[in-house]
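Numbered from 1 within each chain, the chains take letters A, B, ... in sequence-line order.
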Amino acid sequence: MKTSQFLLATLREAPADAEIVSHRLMLRAGMIRQLAAGIYNWLPLGLRVLRKVETIIREEMDRAGAQELLMPAVQPAELWQESGRWEMYGPELLRIRDRHEREFCFGPTHEEIITDIVRREIRSYKQLPANFYQIQTKFRDEIRPRFGIMRAREFLMKDAYSFHLTEESLQETYDQMYATYARILDRLGLTYRAVLADTGNIGGSASHEFHVLAESGEDAIAFSDDSDYAANVELAEAPHPETERAAPTEDLQLVDTPGVKTIDDLVNNYDLVIEKTVKTLVVHGTNNSLVALLVRGDHELNIVKAAKLPDVQVPLQFASEAEIKKAVGAGPGSLGPVNLPIRCYVDRAVAVLSDFTAGANIDGKHYFGINWERDAKLPVIVDLRNVVDGDASPDGKGKLSIQRGIEVGHIFQLGTKYSEAMKATCLDESGSSRTLSMGCYGIGVSRIVAAAIEQNHDDSGIIWPDPIAPFQVSLVPINMHKSQRLREAVMKLYDELVVAGVDVLLDDRRERPGVMFADAELIGIPHRLTFGEKGLDAGNIEYKSRSGDREQEVPLGEAVGFIQKQLSE
RNA sequence: CGGGGCGUAGCGCAGCCUGGUAGCGCACCGCAAUGGGGUUGCGGUGGUCGGAGGUUCAAAUCCUCUCGCCCCGACCA
């Protein structure tokens, strides 16, 4: 490709509303342009990357024996009503009507459609197991799309669905998909971790997420320093406290704490130890009740764990100040376990506290020296908090450390959730009808592009891993317009590279070298060949890698071979 | 959905408070010089000032409505 024939839409300045690195760089490099909130055009440069990611995924899925098919983006409401998700999915489902007022949605995922296909087409156990996938555009009407392509409403996803007669067969395919995802991310050249995950509203039992590690990641993931254990912080179980609850040494004391609304206020103004304070969070419970959740002052409530409690309404919603006042008689900031009139759960770490501080359920007052059983009955003890750096690993080996990750893949064992609702059955060896078990396996194709940039960039721009670079090599001629013999030599080399199958971008604009270098670096081409008259005289061409650690003269005659060697490394 | 902010040329912004012929930088086009890290000079192209309504002799500017986009908020007890 030559720049004269290519839309090189680079920008010096990024639009002011682009917040994260990948969004800024994708705009500046001319990969994408926004059309509406969470909806983007892919310009030629961006599409080249997207297609390369897609190709690697497709190759690995095919290699794993999955079959590609393509399902519609627009789906009839009937199937969603049949699975029960037309009501359950909520406002993220973009619902539309056709001219006959029939209801449809723009598919956010395709369990219903694939299950419908399979129940029509698969009759016999002899056709199983089967694994179908597609690479297709999804639409999820996110509350707040953000970060460019990272959390867009319309995005490209590879989704796969497998069908089985037995749990063993499902486990086998699940394990195979786990290995396939690892291969895909290895081939993409990304640093990642697979972690245990929550199954969320898709449902099912076992589940793993694949995270590309990056500071800007929206998810926190916890690793053991001494085993393979890795889990999303949403899921990671906090350890049982190592100590028993100590006997009371202080009397219960009601203290005036005017204006104290937060744990920080309390600790700073009354010289307390934060580990001996308790905060009380109030959420909506079932049947219009309120439920109080108690965690230590220095800990964070884990929303996923809280939402799993039997009395808590799903999705989790925090009570308003007015609701709290009405139920408790005091506002947020003055709540605690003593004389608390609503149902209550305590975190394990709270249950072992003694002589601790919490709100008095009277505005502007706190109790100091609270002790369980003496001052308040100890409520049900559950795991409510996020794990923190240094917690013992749940598998008993080592300590946890927390890192940020971008979720690019998620695999689930769904079991019979959809096949049962939609009556997807087939005959087994004995001729009796059996409900199929399902697995599903997703990869965010467009999100991988953004994640790759988050992980691989510097001040000058993107640094693509070779396998997904829009071009492998940039060819930068210096002052080509002034020298006919340089022009001829450059064109000859360009043709040779193309014939050799190298993905090369020749910058044939009449620009100064600085401009061409800056653009090549911004768009992240991993290898660069610079060619000027001086080099031509010496019979050399200059090579530089984007990561900057290699720079050398290469004899012109060996340039093609040299590049091929770089690309195969 | 709540809170905040912003819509003026492709991008980044000024002008608005205090109404009076719409500006700057980058990009783009032309000419010239320059020629190995975003060069310089000169000359140009490009704008229904998000939209509608109102006030006024006169509206980017004031008022009302509306649309769009962005940020923060689901850890606050």
Side-chain angles (χ1 to χ4, degrees), chain A residues 7-20 23-24 27-28 30 33-39 90-92 141-148 218 220 233 257 260-266 277-284 290 292-307 314-321 323-325 328 330-337 340 357-361 363-364 366 384-386 460-461 476-483 486 509-522 528 530-536 542 544:
Chain A
L7 179 63
L8 198 62
T10 53
L11 302 173
R12 249 191 195 182
E13 291 168 292
D17 47 24
E19 287 286 308
I20 62 167
H23 190 195
R24 298 176 69 82
L27 289 166
R28 285 194 55 211
R33 292 290 184 256
Q34 184 178 43
L35 186 63
I39 300 177
E92 256 180 58
D141 201 355
E142 296 272 352
I143 307 175
R144 186 149 82 87
R146 55 182 142 177
F147 304 150
E218 287 194 89
V233 163
T257 52
V260 170
K261 288 281 177 198
T262 68
I263 290 290
D264 279 346
D265 292 345
L266 194 60
T277 63
V278 166
K279 55 185 175 188
T280 304
L281 292 83
V282 182
V283 299
H284 287 178
L290 293 182
L293 307 171
L294 273 61
V295 295
R296 225 168 65 183
D298 58 321
H299 286 153
E300 287 182 349
L301 178 71
N302 180 307
I303 292 164
V304 169
K305 291 173 183 174
V314 180
L316 191 81
Q317 220 184 341
F318 285 89
S320 69
E321 185 163 349
E323 288 167 331
I324 295 172
K325 272 231 146 106
V328 182
S334 303
L335 304 179
L340 185 67
T357 303
N361 301 319
D363 278 333
H366 281 74
L384 272 181
R385 69 174 175 94
N386 281 339
S460 303
V476 179
I478 311 285
N479 292 326
M480 185 167 68
H481 65 101
K482 283 175 63 176
S483 164
L486 178 65
R509 294 176 295 175
R510 190 176 158 168
E511 286 288 357
R512 298 169 68 95
V515 173
M516 295 192 278
F517 292 150
D519 273 343
E521 283 160 9
L522 174 60
R528 187 178 83 198
T530 308
F531 204 4
E533 279 225 293
K534 279 183 247 166
L536 190 59
E542 185 183 297
K544 185 171 186 297

Contact between [X] and [Y] at the side-chain level, heavy atoms closer than 4.5 Å - yes or no?
| X | Y | answer |
| --- | --- | --- |
| A/L281 | A/V295 | yes |
| A/R528 | A/M516 | no |
| A/F531 | A/M480 | no |
| A/N479 | A/H481 | yes |
| A/H366 | A/V260 | yes |
| A/L301 | A/R385 | no |
| A/R509 | A/D519 | yes |
| A/D141 | A/P91 | no |

Test your reading of the model: is there a side-chain donor-acceptor pair from [X] to the backbone of [Y], 3.5 Å cut-off?
| X | Y | value |
| --- | --- | --- |
| A/N302 | A/K305 | yes |
| A/K325 | A/P332 | no |
| A/R24 | A/A18 | yes |

Distance check, [atom1] atoms only: [N] and [M], in whole angstrom units.
| N | M | atom1 | answer |
| --- | --- | --- | --- |
| B/G43 | B/G7 | C1' | 32 Å |
| B/G47 | B/G3 | C1' | 33 Å |
| B/C16 | B/C62 | C1' | 10 Å |
| B/U18 | B/C13 | C1' | 22 Å |
| B/G5 | B/A14 | P | 16 Å |
| B/G20 | B/U61 | P | 11 Å |
| B/A59 | B/A22 | C1' | 13 Å |
| B/G10 | B/U45 | P | 16 Å |

For [X] and [N], what is the distance between atoms [atom1] and [atom2] respectively, to the nearest whole Å?
| X | N | atom1 | atom2 | result |
| --- | --- | --- | --- | --- |
| A/M516 | B/G35 | CE | C1' | 10 Å |
| A/L7 | B/C28 | CG | C1' | 14 Å |
| A/R28 | B/A27 | CZ | P | 13 Å |
| A/I478 | B/G37 | CD1 | P | 8 Å |
| A/L486 | B/G35 | CG | P | 16 Å |
| A/E542 | B/G37 | CD | P | 11 Å |
| A/E13 | B/G25 | CD | C1' | 8 Å |
| A/K534 | B/G36 | NZ | P | 6 Å |

A/K482, nearest nucleotide to its side chain (from B/G35, B/G12, B/G37): B/G35
- request: Can you figure out which of B/G35, B/G37, B/U39 approaches the side chain of A/V515 most closely?
  value: B/U39
- request: Would you give a per-nucleotide map of nucleotides 4-9 of chain B, 5' to 3', where B means the base has a protein non-hydrogen atom under 4.0 Å away, S means only the sugar-phosphate does, and - means neither?
  value: ------
message: Return a single string for nucleotides 66-77 of chain B, one symbol per nucleotide in 5' to 3' order, where B is base contact, S is sugar-phosphate-only contact and - is none, cutoff 4.0 angstrom on heavy atoms.
response: ---SSSBBSBBB
Who is the Watson-Crick or G-U wobble partner of [N], with both distances under 3.5 Å?
| N | result |
| --- | --- |
| B/U21 | none |
| B/C1 | B/G73 |
| B/G68 | B/C6 |
| B/G30 | B/C42 |

- prompt: With sugar-phosphate meaning primed atoms plus P, OP1 and OP2, does A/R33 contact a base, only sugar-phosphate, or nothing at under 4.0 Å between heavy atoms?
  reply: nothing
message: What's A/A9 touching, base or sugar-phosphate or nothing? Going by heavy atoms closer than 4.0 Å.
response: nothing
